Structures are given as C-alpha cells and as structure tokens.
There are 2 protein chains.
Amino acid sequence: MSTPEWSGGELEVRELRYFVAIAEELHFGRAATRLGMAQPPLSRAIRELERRLGAQLLERTTRRVSLTAAGDVLLRDARVALEAVTAAARRTRHAARPAPTLRVALKADYDAGLLPGILAAYHEQAAAIAVDLLLGGRGEQEQALRDGRADVGLLPTPAEARGLDVEPLLTEPRLVALAATDPLADRPTLSLADLHGRLLPDDLPASSAPRDLAQIFMLVELGTIIWYPPRSLAERHPRLGVVYRRVTDLTPSTLCVAWPSDCRSPAVAAFVRAAATVSAAAG
Amino acid sequence: MSTPEWSGGELEVRELRYFVAIAEELHFGRAATRLGMAQPPLSRAIRELERRLGAQLLERTTRRVSLTAAGDVLLRDARVALEAVTAAARRTRHAARPAPTLRVALKADYDAGLLPGILAAYHEQAAAIAVDLLLGGRGEQEQALRDGRADVGLLPTPAEARGLDVEPLLTEPRLVALAATDPLADRPTLSLADLHGRLLPDDLPASSAPRDLAQIFMLVELGTIIWYPPRSLAERHPRLGVVYRRVTDLTPSTLCVAWPSDCRSPAVAAFVRAAATVSAAAG
DNA sequence: CGGATTCATATCCTGGCGGTATGAGTACAC
DNA sequence: GTGTACTCATACCGCCAGGATATGAATCCG
C-alpha cells in the first residue's frame with residue numbers, strides 16, 4: 001500500500017509557495033512580483049500543478065481570480081506543509097550548531113514568577129544545555145514552536161495548540177486593571193457586565209496597539225482601555241494611577257509549558273520535568 | 001521578519017525524500033535503488049543539502065553510514081513534513097472530486113455500537129454529504145487522518161494524537177477474553193496480576209499476528225493469547241469456547257472522534273456534532 | 001597483499017524552469 | 001458601440017539543475 005491512488009507526479013515545495021502566493025493575492029501579476037519572478041512561468045506552474053492534482057484550483061477570467069473549493073483545501077494544507085518544511089530546516093540548522101541551545105519562547109512577565117525556579121531546577125538536570133530566551137508577543141510563542149525557532153514555550157493557555165503538546169502548570173485568576181480615576185475603581189469587586197463595552201488592548205487598531213507593558217499601563221491610566229492581567233503579573237507591577245480589581249466571572253488564566261508534539265529532545269524533556277516540579281511545589 | 005536567519009536556499013520535497021531514504025537504509029546504493037535512481041546523483045544531492053543547511057547530516061566512511069545528531073533531527077522533521085505534503089495532495093484531489101465524500105476511518109467492531117446512531121444523526125444535518133467508511137487495523141486510523149486519506153475517525157483512545165483534535169465520546173471498561181478451559185475462567189473477577197505473563201495479540205511476531213476478530217478468537221480459544229476487548233464489543237460477540245471476565249485494575253477504553261486539527265470542513269463538523277449528540281444520549 | 005565493497009569525483013546530456021514577446025478576453029469609460 | 005487598459009494565456013528561447021555513466025579512492029576481509 002505504498003501509493004495506491006497515484007494520479008500523477010509529486011508535489012514540490014516551490015509549487016506550493018507559488019500557489020499560496022496566488023491564493024493570497026488572487027492576482028497572478030502581484031503574486032509573481034512577490035515571488036520575484038515573471039507572470040508567465042507562474043501561470044504555467046499553476047496549470048501544471050492543477051494537471052498533476054487533477055483538480056481545478058482557481059477560477060480565472062482575464063479580470064478576476066478566485067479559489068475553488070479544492071483550492072481552498074490546498075491553501076490550508078499547503079500552509080501547514082510549508083510550515084513543516086521550514087521548521088525542519090530551522091531545527092536541523094540549530095541542531096548542527098557547535099553548542100545547540102534550548103530555545104525557550106515566552107511572553108515577558110507572563111511566567112507567573114515561575115521562570116527563575118524552573119531554570120534553576122532545569123539546570124540541575126543531566127540533560128540540561130544552555131538556554132536562550134525568546135521573548136515575543138501574544139501568539140508568537142505558538143508560531144515559534146511550530147516553525148522551529150523555539151524548542152519549548154512558556155505561555156498562557158494557548159489558543160491554537162495544533163501540533164503542540166501542552167502541560168498546564170498553574171491556574172490563577174485574572175484581575176482587571178483600571179485607571180485610578182475610573183468610577184468603577186471605588187468598588188472592590190466587579191463583574192464582566194460592569195465592564196461591558198470597554199476597549200481591551202486587542203481591540204485597538206494594529207497601528208496603535210500597545211506593544212509592551214509600559215504602553216498598556218499608559219493607556220489604562222488614561223482610561224482608554226482596560227486590561228485583564230493574571231494576578232501574579234498585577235502583583236509584581238503595582239503602579240501609580242492604575243488600580244486592580246477582582247472580576248467575579250472572568251475566566252482564569254492557565255500558564256502552560258508547550259513543545260512540538262513530535263519532539264524527542266532530552267533537553268526539552270528536562271525542561272518540562274523542571275517546570276512540572278516547580279509548579280507542583282508552588283501549587 | 002520574513003526570513004531572518006537565512007543561510008542558503010530552500011529545502012525541496014525531492015531532497016527530503018532522498019534524505020529519508022538514506023537515513024532509513026544507511027546505505028547510498030540501496031537507497032538509490034529504492035528511489036529508482038543511480039547512486040552518484042544521490043550522493044551529490046545529499047552533499048548539496050548539507051551545504052545549504054550548513055549541517056553535516058551523515059557520518060560516512062566508505063564502509064559505514066550513520067546519522068549525526070542533526071541528521072536525526074532532520075529525519076524526524078522530514079517525515080512529518082513529507083506527510084503534510086502528501087496529505088495536502090490527497091485532500092485536494094479528494095475535494096476536487098465531483099461529489100466529495102466524508103471519509104470516516106474506524107476499526108471494525110470498535111464503535112461501541114454507536115455508529116448507526118451517529119450516521120443517522122449526521123445525515124439529518126444540512127452540511128452532511130455521502131459517507132465512505134474506511135476500515136483499518138490498530139493505529140491505521142490516526143495514520144489515515146494525518147496523511148489525508150480520511151477526514152474524520154472513530155477510534156479507541158488514540159495513542160499518538162499529534163496533529164489531531166480529539167473529542168471523547170464514551171468510556172467503558174475492558175474485559176479479558178479467556179479460553180473457556182482456562183483455569184482462571186472459573187473465577188468471576190480477575191486482576192492484572194493474575195494475568196501476568198500471558199501473551200496479548202500485539203505480543204505475537206508480526207508474521208503470526210491476528211488480523212481480524214475471527215483469528216483473535218481462534219487464538220484465545222486455543223489458549224495461545226488472552227485479549228482485552230471493550231465491554232460493548234464482548235457483549236456483541238458471545239462465542240463458544242471463549243469466556244469474558246472482569247479485570248478489576250484494567251484501564252478502561254475511551255471511544256473518541258478525531259479529525260485533523262487544521263480542518264474546517266462543515267461535513268466534519270457535522271459528523272463531530274452528531275457523534276457528540278449520540279454519545280450524550282447514550283451516556 | 002589482492003579482491004570486494006562502497007562512497008566520491010569527473011564528465012556529459014537532457015528536460016524542467018524561468019525569461020521575453022505577444023495574443024486574447026473582459027471590464028469600463030465616454 | 002468602440003477604444004483602451006488590464007490581466008491571464010500562449011509561444012518560444014536559453015540556461016542550468018539534476019540524472020546517467022565511467023572511474024577513482026578508501027576500507028574491510030581473507
């Protein structure tokens with residue numbers, strides 16, 4: 001049962017990149033420019049791809065290009081496959097370095113104070129190697145783990161865990177951060193209904209979205225936004241002009257350790273063990 | 001941050017296939033034969049791959065080939081990436097068929113009797129399309145889901161859920177199937193300790209491993225092996241010469257519905273909903 | 001020490017892939 | 001309705017990537 005439904009040649013990474021570019025641009029000319037090539041060979045490559053798959057991927061008139069159902073399927077799967085290929089290259093290049101490191105992806109200040117303990121426990125283990133910290137914003141940890149830039153991650157409840165193994169470490173409530181001058185700041189406890197309609201950091205347009213804690217604090221102090229940090233983060237960042245209040249019905253935040261599910265590296269295993277140990281001791 | 005750590009060209013599917021073949025054979029000549037090509041171009045391709053990755057993948061003397069640490073990393077990741085590429089092709093080809101079907105992978109008799117109900121509930125939904133059943137042995141369901149031959153699976157507690165989303169449907173105890181003539185058959189209840197040392201179907205060498213229920217039953221009746229079927233399966237297969245007994249400390253079996261985690265097909269969603277509904281009604 | 005085995009090197013050649021020039025179909029202005 | 005601009009398809013050319021064959025070099029074994 002090596003290859004039962006064989007209906008033509010082999011998919012190639014180059015073709016997948018071409019197709020993704022066109023599917024995203026829906027325009028052969030622009031896609032060709034983005035790929036750094038001319039339009040005709042691109043047209044021909046897609047036609048060849050369609051022939052080999054026995055599937056029409058794009059509806060095209062001379063004025064409009066659109067995806068077929070099959071094209072939509074390929075777009076999703078091609079992105080996943082390309083990600084896997086680049087991850088393979090990145091991980092291999094890293095593994096070949098004279099002294100490979102354990103690359104830990106995390107979001108600054110979202111370690112619930114566990115990081116120093118975890119690192120200490122990790123370094124005591126035999127399988128431990130040097131650690132590189134990879135700081136990133138919301139969601140970048142998952143991306144880094146999937147595309148091979150990181151080996152293990154420390155992150156609050158991953159939304160998109162596809163391809164990752166996850167181990168929860170610590171669950172803690174989130175608070176709401178308000179301007180001290182906010183009318184609601186007088187009340188010791190709030191509910192989500194009280195906060196309905198308030199802007200969160202993610203609600204701002206990308207151009208003015210805050211990129212770090214200092215920017216978030218400024219916007220909170222001004223009353224532009226409110227913010228739901230985990231309790232441990234709030235406790236470590238007392239700040240004039242900003243108050244924290246409990247919110248009765250706000251879902252808590254769970255700090256997790258995550259790693260690519262096909263990973264067999266002893267260093268990653270050691271890190272996960274260390275994290276589990278420290279969280280058990282803390283919990 | 002398009003491609004920060006750029007250290008040479010692009011990995012290609014062809015090269016990954018070459019590398020996997022060599023890594024598995026650890027012999028250039030045999031790998032070349034398997035790939036249907038001559039040995040020299042294969043050697044050159046691997047050398048080029050190593051140059052582009054900046055990583056030595058294989059230690060070779062004229063008499064022995066072995067994987068380096070980096071090669072081991074690439075072998076794992078290349079397999080995953082190749083699987084993703086062939087899955088993309090298979091799914092696209094299937095989606096392009098005039099009337100695509102929902103391909104349900106399952107293990108015969110391991111549906112806990114839920115399948116008819118699930119199919120009925122599924123077909124009542126608007127998003128339902130025709131169903132193809134894909135029967136396979138242990139572990140083949142996961143494989144089929146990952147490589148694009150199946151869209152959704154019904155399977156007992158998947159061991160290797162990498163890249164799959166899983167929803168548990170029904171947990172039920174497993175029993176032990178014994179020859180009626182077995183001394184232990186006199187006792188109403190057993191423990192794992194009583195059965196220590198007995199052969200299970202998986203313990204047999206691949207050549208004589210049973211491939212279906214009839215073969216398993218024969219071996220059980222002969223006393224060659226014992227077997228741990230889920231209760232619902234045992235109930236539907238009473239059989240002369242074989243008795244079922246409860247085992248106090250045997251882990252139960254959970255029937256699950258599983259699907260590729262990046263899937264957005266409405267037909268799959270409908271099937272999962274139907275399965276959840278039926279299992280809730282049954283539970 | 002000689003033969004067998006196996007990976008590397010040298011050289012040739014074909015076909016795939018990209019480029020340029022041009023055709024053809026469609027939307028839109030007026 | 002007709003011209004114009006836009007965009008995808010076709011035709012054709014040229015280069016080099018990648019495969020084949022022949023041979024060399026290194027190691028193991030008797």
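What you see below is based on every heavy atom in this structure, not just the backbone, and it leaves out hydrogens, waters and symmetry mates. What you see is a predicted model; the values in this text were computed from it and never measured.
The CG-P distance, from B/Leu35 to D/dG19, rounds to 10 Å in whole Å. For the pair B/Leu42 CG and C/dA8 P, the computed distance is 9 Å after rounding to whole Å. B/Glu50 has its CD atom 9 Å from the P atom of C/dA8, to the nearest Å. B/Glu15 has its CD atom 7 Å from the P atom of D/dG18, to the nearest Å. In this structure, A/Arg47 atom CZ and D/dC8 atom P are separated by 13 Å, rounded to whole Å. When the C1' atom of C/dT14 is taken as reference, atom CE of B/Met37 falls 15 Å away, rounded to whole Å. Rounded to an integer number of Å, the gap from B/Leu58 CG to C/dA8 C1' is 14 Å. One interatomic measurement links the two molecules: CD of B/Glu10 to C1' of C/dC17, which rounds to 16 Å at whole-angstrom precision.
Residues A/Arg79 and A/Glu83 are not paired through a salt bridge, judged by the lack of any N-O separation under 4.0 Å between the basic side chain and the carboxylate. Taking the charged nitrogens against the carboxylate oxygens, B/Arg51 and B/Glu48 do have a contact shorter than 4.0 Å, which makes a salt bridge.
B/Arg44 comes within 4.0 angstrom of a nucleotide base, judged by non-hydrogen atoms across all strands. Base engagement by A/Gln39 is indicated by at least one non-hydrogen atom pair under 4.0 Å involving a base atom. Note on B/Arg63: a base of the nucleic acid sits closer than 4.0 angstrom, heavy atoms only.
For C/dG18, one of the phosphate oxygens OP1 or OP2 lies less than 4.0 angstrom from a side-chain nitrogen or oxygen of A/Arg14. An OP1 or OP2 oxygen of C/dT26 is reached within less than 4.0 angstrom by no side-chain nitrogen or oxygen of A/Thr61.
Counting heavy atoms of neighbouring residues, nucleotides and ligands inside a 6.0 Å radius, atom CZ of B/Arg64 does not exceed 12 of them.
Side chain of B/Glu59 to backbone of B/Thr68: no donor-acceptor contact under 3.5 angstrom is found. Looking only at distances, no side-chain donor or acceptor of A/Arg103 sits under 3.5 Å from a matching main-chain atom of A/Leu145.
Put simply, CG on A/Asp262 and CZ on B/Arg76 are 8.0 Å apart, with the number rounded to the nearest 0.5 Å.
Proximity note for B/Thr62 (side chain, C-beta onward) versus C/dG18, D/dA11, D/dT27: the nearest is D/dT27. Distances were taken from every side-chain heavy atom of A/Ala38 (C-beta onward) to each of D/dT27, C/dT20, D/dA20; the shortest belongs to C/dT20.
Screening A/Val73, A/Leu49, A/Asp72, A/Leu75 for a side chain to side chain contact (heavy atoms under 4.5 Å, CB included) involving A/Leu57 leaves a single residue, A/Leu49.
For the segment residues 17-34 of chain A, residues with any heavy atom less than 4.0 angstrom from an atom of DNA chain C are, sorted by number, A/Tyr18.
If you find the closest nucleotide of DNA chain C to A/Pro40 and to B/Pro41, the one lying nearer the 5' end belongs to B/Pro41.
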